[in-house]
Amino acid sequence: VITSAYLIIEKKYLLARLFLFSVIGGGVSDLILKEIFARPRPVVVSHFIEVTTWSFPSGHAVMSVVVYFTLAYISTQGLKNKALKNYINNAALIIAIIIGFSRVYLGVHNPTDVFAGWALGIALVSVSEIIFNGSVN
């Protein structure tokens with residue numbers, strides 16, 4: 001909401017739509033796939049936190065990729081400094097990786113749940129950027 005409001009205030013309506021499209025698409029896709037696969041949470045280790053939704057795919061993995069990769073894409077629009085672009089993109093990647101690994105560490109996801117979440121997130125961001133690329137640039 002904060003990002004979208006900022007983009008709207010800055011009159012960057014297409015980028016605001018890109019962000020909303022990506023985030024809403026990520027959330028809806030995750031919920032649909034959880035219901036389709038209905039995979040229970042792992043029980044090998046005690047959970048540090050109690051979670052009652054399905055395990056596959058990891059919603060945190062999906063949304064970390066969708067949010068941070070889309071933010072990186074938006075943030076780097078018009079930047080000429082390649083080092084700064086790389087820094088922003090790598091920061092988004094590192095955050096998504098840390099969030100994914102934390103889900104396995106907490107015992108609430110299998111590694112495959114996280115990998116599937118990352119893959120879904122990357123696919124959604126790619127589709128969003130392809131759809132909006134001609135309009136945004």
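On a predicted model such as this, the values are computed, not experimentally measured, just so you know.
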Joint cluster assignment, L14 & V1, ILVMFWY side-chain distance < 4.5 Å: no

For the student: nearest non-hydrogen atoms of F19 and T3, plus distance: CE2-CB, 3.7 Å

Considering all heavy atoms, the nearest A16-I8 contact: CB-CG1, 3.9 Å

Under 3.5 Å: donor-acceptor pair, side chain of D113, backbone of N110: yes

Minimum heavy-atom distance between W118 and G100, given as atom pair plus value: CZ2-CA, 3.7 Å

Flag, side chain of R103 to backbone of V108, donor-acceptor distance under 3.5 Å: no

Backbone N/O of G26 and side chain of S29: donor-acceptor pair under 3.5 Å: no

Spacing of L7 atom CG and E10 atom CD [to the nearest 0.5 Å]: 8.0 Å

Pairwise distance CD1(I98) to CD1(I94) - rounded to 0.5 angstrom: 7.0 Å

L31 backbone acceptor or donor facing E35 side chain under 3.5 Å: no

Spacing of CD1 belonging to I88 relative to OH belonging to Y68, to within rounding of 0.5 Å: 14.5 Å

Stepwise side chain to side chain contact (heavy atoms under 4.5 Å, CB included) test for T70 and V23: CA-CA 9 Å; T70 304; V23 171; over 6 Å; no

Minimum heavy-atom distance between V66 and V125, given as atom pair plus value: CA-CG2, 3.6 Å

Linked, directly or transitively: F69 and L84 (ILVMFWY side chains, under 4.5 Å): no

Minimum-distance pair of heavy atoms, taken over all atoms of P57 and L120: CG-CD2, 4.3 Å

T76 side chain to Y73 backbone, donor-acceptor under 3.5 Å: yes

Joint cluster assignment, L71 & I9, ILVMFWY side-chain distance < 4.5 Å: no

Within one Ile-Leu-Val-Met-Phe-Trp-Tyr cluster: I131 and I74, side-chain cutoff 4.5 Å: yes

Worked verdict on R39 versus T112 for side chain to side chain donor-acceptor pair (under 3.5 Å): CA-CA 11 Å; R39 181 192 223 177; T112 53; 3.0 Å; yes

Single-linkage hydrophobic cluster L33~I24, side-chain heavy atoms < 4.5 angstrom: yes

Shortest non-hydrogen separation from P42 to G107 and the atoms involved: CG-O, 3.5 Å

From S64 atom OG to I95 atom CD1, the distance as rounded to the nearest 0.5 Å: 9.0 Å

Inter-residue atom distance Q77.CD - K12.NZ, 0.5 Å rounding: 9.0 Å

Spacing of I122 atom CD1 and L93 atom CG [to the nearest 0.5 Å]: 8.0 Å

